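Report on the following structure.
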Protein chains: 2
Amino acid sequence: MTRLTRTFAALSDDTRFALVDKLIRRGELSAGTLAAETEISAPAISRHLRVLREAGVITQRAQGTHRYYAANADALRAIHGWTMDHRAFWSGSLDRLDTLIALDPEGDDR
Amino acid sequence: MTRLTRTFAALSDDTRFALVDKLIRRGELSAGTLAAETEISAPAISRHLRVLREAGVITQRAQGTHRYYAANADALRAIHGWTMDHRAFWSGSLDRLDTLIALDPEGDDR
DNA sequence: CCGTTAATTAACATTTGCGTTAAAAAAGGA
DNA sequence: TCCTTTTTTAACGCAAATGTTAATTAACGG
């Protein structure tokens, strides 16, 4: 898996996406706080946090028995960068998009 | 699954990501063309295309026995929009390439 | 030292995802 | 009609993901 597909994989689960969203909106939160606000068990949350951390989407900080997690801005920037790389494709009006498609008629088969 | 997590899931596989990337760069392409340029079998590609289509990441057009696929700009806009929603979080320091490299702890960029 | 709290790891069951080959469906041409 | 081409669907095997409960590790406080 490339770095970007790994990032997408980390965000492809609703529970993990919600965790990341909380961390972005509210800043650093402990594993316990995150687990308490979710339906599923603490061990499940712990593993989701691990997946996110290993994908580089969040960071971890230890303080005593607590583990504080925070969203990693670099992951957001990487996704943003990818969309910007293809901005010419999706930006602008529908008319403009139709023009782009018409100008690049790879329609024929080979 | 929400709309966005479904989009991320569709893009979380390297084969599917590469298919979308081709369609963005080169415009509409047939299933056969896409399958011919990939290592795995045509049925496998067909199913990947189905996953992408059902997630709204690509569109399909029939012409005779051919099926032409194209990237859906709306999906790209949705991802871009999500990153922009959280721009205040990550837009602080536009960093260099080494921070992006540090995102992948194993360095398996391929 | 002992008991409590915070978090993770272990073990397990179940589901989902992804690849293969074989078969089927649909359009086109001789 | 029969054969070929294009693409998808079917059937199957196997690996990975996700949830649970139980056990373990580590820090804190009396």
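Per chain, numbering begins at 1; letters A, B, ... match sequence-line order. A quick note: this is a predicted structure, and the numbers were derived from the prediction, not measured.
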Between [atom2] of [N] and [atom1] of [X], the distance in whole Å:
{"X": "B:Ile40", "N": "C:dG19", "atom1": "CD1", "atom2": "C1'", "answer": "8 Å"}
{"X": "B:Asp14", "N": "C:dG17", "atom1": "CG", "atom2": "P", "answer": "17 Å"}
{"X": "B:Met1", "N": "D:dT18", "atom1": "CE", "atom2": "C1'", "answer": "12 Å"}
{"X": "B:His66", "N": "D:dT8", "atom1": "NE2", "atom2": "P", "answer": "11 Å"}

What is the per-nucleotide protein-contact pattern of nucleotides 23-30 of chain D, from the 5' end, where B denotes a base atom under 4.0 Å from a protein heavy atom, S denotes such proximity for sugar-phosphate atoms only, and - denotes neither? ---BBS--
If the cut-off is 4.0 Å, is B:Tyr69 near the phosphate of D:dT7, judged by side-chain N/O to OP1 or OP2? no
Do the side-chain N or O atoms of B:Arg16 get closer than 4.0 angstrom to the phosphate oxygens (OP1, OP2) of C:dC18? yes
Name the nucleic acid region contacted by [X], choosing base, sugar-phosphate or nothing; use a 4.0 angstrom heavy-atom cut-off, strictly under.
{"X": "A:Tyr68", "value": "nothing"}
{"X": "B:Gln60", "value": "sugar-phosphate"}
{"X": "B:Ala44", "value": "base"}

Test of understanding: with side-chain contact (heavy atoms from CB on, under 4.5 Å), list the residues that count as partners of B:Ala42, not counting sequence neighbours. B:Ala35
By side-chain contact (heavy atoms from CB on, under 4.5 Å), A:Arg26 pairs with (sequence neighbours left out) A:Lys22, A:Leu29, A:Thr33, A:Glu37
Under the ring pair (Phe, Tyr, Trp, His ring centres under 6.0 Å) test, which residues partner A:Tyr69, sequence neighbours left out? none
Just to verify, what does B:His80 make a ring pair (Phe, Tyr, Trp, His ring centres under 6.0 Å) with, not counting sequence neighbours? A:His80, A:Trp90
Check step by step if side chain to side chain donor-acceptor pair (under 3.5 Å) holds for A:Thr59 and A:Asn72. CA-CA 6 Å; A:Thr59 59; A:Asn72 183 357; over 6 Å; no
B:Arg3 (side chain) donor-acceptor with B:Ala55 (main chain) under 3.5 angstrom: yes
Nucleic acid contacts - residues 47-58 of chain B versus DNA chain D, non-hydrogen atoms under 4.0 Å: B:Arg50
Which pairs with one or both residues in residues 2-29 of chain B pass ring-ring contact (aromatic ring centres under 6.0 Å, His included), sequence neighbours excluded? A:Phe8-B:Phe8, A:Trp82-B:Phe17, B:Phe8-B:Trp82
Residues 26-57 of chain B vs ring-ring contact (aromatic ring centres under 6.0 Å, His included), sequence neighbours excluded, gives none
Hey, which sits more toward the 5' end of DNA chain D by its nearest nucleotide, A:Ser41 or B:Ile45? B:Ile45
With sequence neighbours left out, what residues match A:Asp85 under salt bridge (Lys or Arg N to Asp or Glu O under 4.0 Å)? none
